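Just so it is clear, the structure is predicted and the values come from calculations on it, not from any experiment.
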Amino acid sequence: MEILEIIIIKTGLIYMQTIHFIVNPTAKNGYSLQIWNELEQMLNNKGVSYTVYFTEYPGHAGELAKEIADSLAGAPGLIAVVGGDGTLHEAVNGIIGRENIKIADIPAGSGNDFSRGLQLPLDPSAALEGILRKIDKQPFLMDVGKVATGGGQVHYFVNNFGAGFDAEIAYKVNRSRLKKFFNRFSLGTIVYVYFLISVALTLKRANVLLTVDDKRYEFQDTWLVNVSNHPYIGGGMKLAPDAVVNDGLLDITVIHQISRIKLLLLFVTVFWGGHKKFKEVSVFRGKNITIRSSEKMVLHADGEYIGETPVEVRLLPGKLAVVK
(Lines give C-alpha, C1' and ligand atoms only; values in the text may rest on other atoms or scores of the structure.)
Protein backbone atom coordinates (compact mmCIF):
# COMPACT_ATOMS: atom_id res chain seq x y z
CA MET A 1 0.00 0.00 0.00
CA GLU A 2 2.82 2.41 0.84
CA ILE A 3 4.57 1.70 -2.47
CA LEU A 4 1.38 2.42 -4.38
CA GLU A 5 0.93 5.74 -2.60
CA ILE A 6 4.50 6.78 -3.43
CA ILE A 7 3.95 6.03 -7.10
CA ILE A 8 0.79 8.14 -7.15
CA ILE A 9 2.56 11.06 -5.50
CA LYS A 10 5.43 10.95 -8.00
CA THR A 11 3.05 10.74 -10.94
CA GLY A 12 1.22 13.78 -9.66
CA LEU A 13 4.47 15.72 -9.46
CA ILE A 14 5.47 14.80 -12.99
CA TYR A 15 2.20 15.85 -14.58
CA MET A 16 1.09 18.63 -12.26
CA GLN A 17 1.77 21.37 -14.84
CA THR A 18 -0.69 22.03 -17.65
CA ILE A 19 0.89 21.76 -21.09
CA HIS A 20 -0.36 24.17 -23.74
CA PHE A 21 -0.15 22.56 -27.18
CA ILE A 22 -0.08 24.51 -30.44
CA VAL A 23 -0.84 22.16 -33.34
CA ASN A 24 -0.41 22.99 -37.01
CA PRO A 25 -2.95 20.63 -38.61
CA THR A 26 -1.59 21.26 -42.13
CA ALA A 27 2.07 20.46 -41.37
CA LYS A 28 3.50 17.64 -43.43
CA ASN A 29 0.46 17.71 -45.69
CA GLY A 30 -1.92 17.09 -42.79
CA TYR A 31 0.00 14.18 -41.29
CA SER A 32 0.60 16.29 -38.18
CA LEU A 33 -3.10 16.05 -37.32
CA GLN A 34 -2.84 12.27 -37.25
CA ILE A 35 0.22 12.64 -35.03
CA TRP A 36 -1.74 14.89 -32.67
CA ASN A 37 -4.58 12.37 -32.42
CA GLU A 38 -2.08 9.73 -31.30
CA LEU A 39 -0.45 12.12 -28.84
CA GLU A 40 -3.79 13.16 -27.40
CA GLN A 41 -4.61 9.54 -26.66
CA MET A 42 -1.29 9.21 -24.84
CA LEU A 43 -2.03 12.34 -22.80
CA ASN A 44 -5.48 11.12 -21.83
CA ASN A 45 -4.18 7.68 -20.89
CA LYS A 46 -1.56 9.24 -18.64
CA GLY A 47 -3.95 11.75 -17.07
CA VAL A 48 -1.96 14.77 -18.23
CA SER A 49 -3.52 18.22 -17.90
CA TYR A 50 -3.39 20.04 -21.23
CA THR A 51 -4.98 22.58 -23.53
CA VAL A 52 -4.77 22.50 -27.33
CA TYR A 53 -4.94 25.23 -29.96
CA PHE A 54 -4.96 24.66 -33.73
CA THR A 55 -3.38 27.11 -36.16
CA GLU A 56 -5.60 28.37 -38.96
CA TYR A 57 -3.34 30.57 -41.09
CA PRO A 58 0.32 31.63 -41.48
CA GLY A 59 1.54 33.51 -38.41
CA HIS A 60 -1.24 32.14 -36.20
CA ALA A 61 1.12 30.07 -34.04
CA GLY A 62 2.88 33.24 -32.94
CA GLU A 63 -0.42 34.89 -32.05
CA LEU A 64 -1.54 31.83 -30.09
CA ALA A 65 1.76 31.62 -28.21
CA LYS A 66 1.48 35.29 -27.24
CA GLU A 67 -2.13 34.81 -26.09
CA ILE A 68 -1.15 31.81 -23.96
CA ALA A 69 1.72 33.76 -22.40
CA ASP A 70 -0.56 36.72 -21.71
CA SER A 71 -3.14 34.47 -20.06
CA LEU A 72 -0.51 33.12 -17.67
CA ALA A 73 0.22 36.66 -16.42
CA GLY A 74 3.82 35.85 -15.51
CA ALA A 75 3.16 32.41 -14.01
CA PRO A 76 5.34 29.53 -15.26
CA GLY A 77 4.04 27.87 -18.41
CA LEU A 78 4.99 25.31 -21.03
CA ILE A 79 4.08 25.56 -24.71
CA ALA A 80 4.60 22.45 -26.84
CA VAL A 81 4.55 22.87 -30.61
CA VAL A 82 3.29 20.05 -32.83
CA GLY A 83 4.32 20.98 -36.36
CA GLY A 84 7.36 21.83 -38.42
CA ASP A 85 10.21 24.30 -38.02
CA GLY A 86 8.04 27.10 -39.41
CA THR A 87 5.40 26.59 -36.72
CA LEU A 88 8.06 26.52 -34.02
CA HIS A 89 9.62 29.67 -35.46
CA GLU A 90 6.30 31.49 -35.20
CA ALA A 91 5.71 30.32 -31.62
CA VAL A 92 9.18 31.41 -30.51
CA ASN A 93 8.65 34.85 -32.04
CA GLY A 94 5.40 35.07 -30.09
CA ILE A 95 6.95 34.44 -26.67
CA ILE A 96 10.54 35.62 -26.95
CA GLY A 97 11.51 37.57 -23.85
CA ARG A 98 8.92 35.85 -21.64
CA GLU A 99 11.23 34.31 -19.06
CA ASN A 100 8.36 32.41 -17.42
CA ILE A 101 7.63 30.40 -20.59
CA LYS A 102 9.34 27.17 -21.58
CA ILE A 103 8.96 25.73 -25.07
CA ALA A 104 9.03 22.14 -26.30
CA ASP A 105 9.12 20.70 -29.81
CA ILE A 106 7.24 17.67 -31.09
CA PRO A 107 8.48 17.29 -34.68
CA ALA A 108 5.62 16.85 -37.14
CA GLY A 109 6.91 18.69 -40.20
CA SER A 110 9.03 17.92 -43.24
CA GLY A 111 12.39 19.25 -42.04
CA ASN A 112 12.41 19.11 -38.22
CA ASP A 113 15.85 20.68 -38.01
CA PHE A 114 15.21 22.18 -34.56
CA SER A 115 14.83 18.77 -32.92
CA ARG A 116 17.70 17.41 -34.96
CA GLY A 117 19.96 20.29 -33.94
CA LEU A 118 19.16 19.87 -30.24
CA GLN A 119 19.47 16.07 -30.46
CA LEU A 120 15.83 15.62 -29.46
CA PRO A 121 13.78 12.58 -30.54
CA LEU A 122 12.45 12.82 -34.10
CA ASP A 123 9.69 10.35 -33.28
CA PRO A 124 6.70 12.37 -31.98
CA SER A 125 5.66 9.82 -29.34
CA ALA A 126 9.21 9.60 -28.01
CA ALA A 127 9.39 13.41 -28.00
CA LEU A 128 6.25 13.62 -25.86
CA GLU A 129 7.56 10.98 -23.46
CA GLY A 130 10.73 13.02 -23.06
CA ILE A 131 8.75 16.19 -22.36
CA LEU A 132 6.68 14.45 -19.68
CA ARG A 133 9.83 13.10 -17.99
CA LYS A 134 11.48 16.51 -17.90
CA ILE A 135 8.53 18.84 -17.48
CA ASP A 136 9.53 19.92 -13.97
CA LYS A 137 13.28 19.88 -14.55
CA GLN A 138 15.38 22.97 -15.12
CA PRO A 139 15.07 23.94 -18.80
CA PHE A 140 17.90 24.03 -21.30
CA LEU A 141 18.81 27.62 -22.14
CA MET A 142 19.67 28.05 -25.80
CA ASP A 143 20.89 31.01 -27.80
CA VAL A 144 18.60 32.88 -30.18
CA GLY A 145 19.42 35.08 -33.16
CA LYS A 146 17.79 38.49 -33.58
CA VAL A 147 17.43 39.89 -37.11
CA ALA A 148 16.71 43.52 -37.98
CA THR A 149 15.96 44.08 -41.67
CA GLY A 150 16.43 47.26 -43.65
CA GLY A 151 12.67 47.70 -43.56
CA GLY A 152 12.73 48.03 -39.79
CA GLN A 153 11.22 44.63 -39.03
CA VAL A 154 12.59 42.42 -36.25
CA HIS A 155 12.55 38.62 -36.32
CA TYR A 156 14.09 35.92 -34.14
CA PHE A 157 15.51 32.58 -35.25
CA VAL A 158 16.48 29.40 -33.44
CA ASN A 159 17.84 27.30 -36.33
CA ASN A 160 19.48 29.59 -38.84
CA PHE A 161 19.21 32.74 -40.89
CA GLY A 162 20.26 33.08 -44.50
CA ALA A 163 20.73 35.59 -47.30
CA GLY A 164 20.81 34.51 -50.94
CA PHE A 165 20.87 30.92 -52.14
CA ASP A 166 19.35 29.11 -49.13
CA ALA A 167 16.72 31.84 -48.69
CA GLU A 168 15.69 31.54 -52.36
CA ILE A 169 15.35 27.76 -51.92
CA ALA A 170 13.27 28.13 -48.75
CA TYR A 171 11.05 30.73 -50.43
CA LYS A 172 10.33 28.46 -53.38
CA VAL A 173 9.94 25.27 -51.33
CA ASN A 174 7.35 26.83 -49.01
CA ARG A 175 5.23 27.88 -51.98
CA SER A 176 5.54 24.69 -53.96
CA ARG A 177 2.87 22.06 -54.52
CA LEU A 178 5.71 19.53 -54.79
CA LYS A 179 6.32 19.88 -51.06
CA LYS A 180 2.79 18.71 -50.29
CA PHE A 181 3.09 15.79 -52.72
CA PHE A 182 6.39 14.43 -51.41
CA ASN A 183 5.41 15.00 -47.77
CA ARG A 184 2.73 12.36 -48.29
CA PHE A 185 5.54 9.83 -48.58
CA SER A 186 7.86 11.40 -45.94
CA LEU A 187 10.22 12.49 -48.73
CA GLY A 188 10.26 16.23 -48.07
CA THR A 189 14.05 16.43 -48.50
CA ILE A 190 13.64 15.62 -52.21
CA VAL A 191 11.84 18.94 -52.67
CA TYR A 192 14.79 20.82 -51.17
CA VAL A 193 17.17 19.03 -53.51
CA TYR A 194 14.96 19.81 -56.53
CA PHE A 195 14.88 23.53 -55.80
CA LEU A 196 18.55 23.52 -54.82
CA ILE A 197 19.33 22.49 -58.40
CA SER A 198 16.79 24.89 -59.88
CA VAL A 199 18.06 27.92 -57.94
CA ALA A 200 21.70 26.97 -58.60
CA LEU A 201 21.02 27.28 -62.33
CA THR A 202 19.23 30.65 -62.16
CA LEU A 203 20.32 32.72 -59.14
CA LYS A 204 21.96 36.09 -59.76
CA ARG A 205 24.93 36.47 -57.44
CA ALA A 206 25.89 39.60 -55.48
CA ASN A 207 28.96 41.28 -54.07
CA VAL A 208 28.76 41.33 -50.28
CA LEU A 209 30.20 43.43 -47.49
CA LEU A 210 30.11 41.32 -44.35
CA THR A 211 30.89 42.61 -40.88
CA VAL A 212 31.50 40.18 -38.02
CA ASP A 213 32.12 41.78 -34.62
CA ASP A 214 33.48 44.97 -36.27
CA LYS A 215 35.76 43.07 -38.69
CA ARG A 216 34.98 43.74 -42.37
CA TYR A 217 35.13 41.18 -45.16
CA GLU A 218 34.33 41.64 -48.86
CA PHE A 219 33.19 38.83 -51.15
CA GLN A 220 32.59 38.83 -54.89
CA ASP A 221 29.97 36.72 -56.69
CA THR A 222 28.42 35.57 -53.41
CA TRP A 223 25.89 32.75 -53.42
CA LEU A 224 24.91 32.84 -49.78
CA VAL A 225 25.65 34.11 -46.32
CA ASN A 226 24.20 31.82 -43.67
CA VAL A 227 24.19 32.45 -39.93
CA SER A 228 23.63 29.23 -37.98
CA ASN A 229 22.71 28.45 -34.40
CA HIS A 230 23.13 24.68 -34.87
CA PRO A 231 24.46 22.44 -37.68
CA TYR A 232 21.33 21.61 -39.69
CA ILE A 233 19.34 23.19 -42.49
CA GLY A 234 16.91 21.93 -45.13
CA GLY A 235 15.93 18.73 -43.38
CA GLY A 236 19.34 17.38 -42.39
CA MET A 237 22.01 19.21 -44.42
CA LYS A 238 24.98 19.91 -42.14
CA LEU A 239 25.81 23.43 -43.29
CA ALA A 240 27.43 24.52 -40.00
CA PRO A 241 28.80 21.26 -38.55
CA ASP A 242 30.58 22.97 -35.63
CA ALA A 243 27.67 25.15 -34.48
CA VAL A 244 26.49 24.71 -30.89
CA VAL A 245 23.18 26.13 -29.64
CA ASN A 246 24.44 27.38 -26.27
CA ASP A 247 28.04 28.46 -26.88
CA GLY A 248 27.34 32.19 -27.10
CA LEU A 249 28.38 32.37 -30.76
CA LEU A 250 26.78 32.22 -34.18
CA ASP A 251 28.46 30.34 -37.04
CA ILE A 252 28.65 32.16 -40.37
CA THR A 253 29.11 30.38 -43.70
CA VAL A 254 29.84 32.27 -46.93
CA ILE A 255 29.89 30.56 -50.33
CA HIS A 256 31.36 32.73 -53.08
CA GLN A 257 33.14 32.73 -56.47
CA ILE A 258 32.17 29.18 -57.37
CA SER A 259 30.72 27.90 -60.64
CA ARG A 260 27.15 26.64 -60.83
CA ILE A 261 28.24 23.07 -61.50
CA LYS A 262 30.79 23.05 -58.68
CA LEU A 263 28.16 24.52 -56.35
CA LEU A 264 25.96 21.49 -56.96
CA LEU A 265 28.91 19.21 -56.20
CA LEU A 266 29.57 21.20 -53.03
CA PHE A 267 26.02 20.70 -51.79
CA VAL A 268 26.31 16.95 -52.18
CA THR A 269 28.96 17.14 -49.46
CA VAL A 270 26.84 19.38 -47.18
CA PHE A 271 25.01 16.34 -45.80
CA TRP A 272 28.17 15.34 -43.89
CA GLY A 273 29.86 18.76 -43.63
CA GLY A 274 32.46 18.11 -46.33
CA HIS A 275 31.83 21.46 -48.02
CA LYS A 276 34.12 23.21 -45.52
CA LYS A 277 37.12 21.84 -47.46
CA PHE A 278 36.20 23.87 -50.56
CA LYS A 279 38.29 27.01 -51.05
CA GLU A 280 35.13 28.88 -52.03
CA VAL A 281 33.69 28.41 -48.54
CA SER A 282 34.61 30.89 -45.80
CA VAL A 283 33.54 30.39 -42.19
CA PHE A 284 33.47 32.76 -39.24
CA ARG A 285 32.09 32.88 -35.72
CA GLY A 286 30.71 35.92 -33.96
CA LYS A 287 27.93 37.70 -32.10
CA ASN A 288 27.12 40.73 -34.24
CA ILE A 289 26.82 40.47 -38.02
CA THR A 290 25.81 42.90 -40.76
CA ILE A 291 25.26 42.04 -44.42
CA ARG A 292 25.14 44.57 -47.24
CA SER A 293 25.03 43.55 -50.89
CA SER A 294 25.34 45.06 -54.36
CA GLU A 295 22.12 43.30 -55.40
CA LYS A 296 19.13 42.67 -53.15
CA MET A 297 19.40 39.23 -51.53
CA VAL A 298 16.33 37.40 -50.25
CA LEU A 299 16.36 36.67 -46.50
CA HIS A 300 14.95 33.83 -44.43
CA ALA A 301 14.76 33.07 -40.71
CA ASP A 302 14.23 29.38 -39.89
CA GLY A 303 13.13 28.88 -43.50
CA GLU A 304 10.52 31.66 -43.42
CA TYR A 305 10.80 34.62 -45.82
CA ILE A 306 11.47 37.87 -43.93
CA GLY A 307 12.60 40.40 -46.56
CA GLU A 308 15.77 41.52 -48.34
CA THR A 309 19.23 42.90 -47.53
CA PRO A 310 20.61 45.01 -45.89
CA VAL A 311 20.31 43.26 -42.54
CA GLU A 312 21.78 43.12 -39.05
CA VAL A 313 22.00 39.96 -36.93
CA ARG A 314 22.72 39.85 -33.21
CA LEU A 315 23.14 36.95 -30.80
CA LEU A 316 20.94 36.75 -27.71
CA PRO A 317 22.70 34.22 -25.44
CA GLY A 318 20.58 31.79 -23.41
CA LYS A 319 17.39 33.60 -24.42
CA LEU A 320 15.05 30.61 -24.92
CA ALA A 321 14.12 28.01 -22.29
CA VAL A 322 13.63 24.59 -23.88
CA VAL A 323 12.48 21.29 -22.42
CA LYS A 324 15.36 19.04 -23.47
Side-chain angles (χ1 to χ4, degrees), residues 18-40 50-72 77-98 101 103-115 124 127 144-149 151-162 166-184 186 188 191-192 195 234-235 298-308 320:
T18 297
I19 306 175
H20 304 279
F21 288 90
I22 296 176
V23 180
N24 180 355
T26 64
K28 208 170 185 180
N29 203 34
Y31 180 59
S32 58
L33 189 56
Q34 179 180 329
I35 290 173
W36 167 249
N37 291 335
E38 295 172 359
L39 297 177
E40 188 170 39
Y50 67 93
T51 61
V52 59
Y53 307 82
F54 296 92
T55 63
E56 299 176 1
Y57 46 83
H60 196 195
E63 296 173 11
L64 291 172
K66 184 179 183 301
E67 289 174 9
I68 293 167
D70 289 344
S71 71
L72 292 169
L78 170 60
I79 296 175
V81 177
V82 183
D85 289 319
T87 312
L88 183 77
H89 168 82
E90 291 180 7
V92 168
N93 276 263
I95 56 93
I96 198 73
R98 308 288 191 105
I101 303 296
I103 201 157
D105 185 41
I106 298 180
S110 55
N112 303 320
D113 284 320
F114 180 82
S115 284
V144 173
K146 179 181 179 180
V147 181
T149 66
Q153 295 182 321
V154 173
H155 304 267
Y156 300 89
F157 67 90
V158 289
N159 294 339
N160 53 72
F161 155 87
D166 56 332
E168 290 278 357
I169 294 170
Y171 182 83
K172 293 180 182 297
V173 165
N174 287 338
R175 285 154 181 78
S176 171
R177 294 181 180 179
L178 286 174
K179 182 178 181 181
K180 294 181 179 179
F181 174 79
F182 281 103
N183 278 346
R184 295 177 186 173
S186 299
V191 184
Y192 286 95
F195 281 106
V298 173
L299 306 176
H300 82 85
D302 295 334
E304 301 298 309
Y305 172 79
I306 60 169
E308 298 177 329
L320 185 68

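- Among residues at least two apart or in separate chains, salt bridge (Lys or Arg N to Asp or Glu O under 4.0 Å) pairs with a member in residues 55-67 are K66-D70.
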(request) Could you walk me through whether L88 and I103 pass side-chain contact (heavy atoms from CB on, under 4.5 Å), step by step? (result) CA-CA 9 Å; L88 183 77; I103 201 157; 4.1 Å; yes
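- Between the OH atom of Y305 and the CG atom of L299 there is a distance of 7.5 Å, given to the nearest 0.5 Å.
- Taken to the nearest 0.5 Å, the CG atom of D85 stands 11.5 Å off from the CD atom of E90.
- No donor-acceptor pair closer than 3.5 Å links the side chain of H89 to the backbone N or O of G62.
- Residues satisfying the ring-ring contact (aromatic ring centres under 6.0 Å, His included) test with F21, not counting sequence neighbours, are W36.
- No donor-acceptor pair closer than 3.5 Å links the side chain of N160 to the backbone N or O of A301.
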(request) Report the C-alpha distance between F114 and V158 in whole Å, list the side-chain angles of each, state the deciding distance to 0.1 Å, and finish with yes or no for side-chain contact (heavy atoms from CB on, under 4.5 Å). (result) CA-CA 7 Å; F114 180 82; V158 289; 3.7 Å; yes
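- With N159 contributing its side chain and D302 its backbone, the two residues share no donor-acceptor pair below 3.5 Å.
- Within the 4.5 Å cutoff, the side chain of L33 has no heavy atoms near those of the Y31 side chain.
- Every residue two or more places apart in sequence or in another chain that forms a side-chain contact (heavy atoms from CB on, under 4.5 Å) with A104 is listed here: L78, A80, I131, V323.
- A search for side chain to side chain donor-acceptor pair (under 3.5 Å) contacts involving T51 returns H20, not counting sequence neighbours.
- The structure places CG of N112 at 7.0 Å from CG of D105, a figure rounded to the nearest 0.5 Å.
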(message) Is there a side-chain contact (heavy atoms from CB on, under 4.5 Å) between V144 and F157? Walk through the geometry before answering.
(response) CA-CA 6 Å; V144 173; F157 67 90; over 6 Å; no
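- Taking CZ from F195 and CD1 from I169, the interatomic distance works out to 10.0 Å, rounded to the nearest 0.5 Å.
- Residues that satisfy the side chain to side chain donor-acceptor pair (under 3.5 Å) test with Q153, not counting sequence neighbours, are absent from this structure.
- For the residue pair N93 and H155, no side-chain donor N or O sits within less than 3.5 Å of a side-chain acceptor on the partner.
- Note that CZ of F161 is 7.5 Å distant from NE2 of H300, once rounded to the nearest 0.5 Å.
- Scored by the side chain to side chain donor-acceptor pair (under 3.5 Å) test, N24 finds T26, T55, T87 as partners (sequence neighbours excluded).
- Between atom CD1 of residue I106 and atom CD1 of residue I22 there is a gap of 11.5 Å, rounded to the nearest 0.5 Å.
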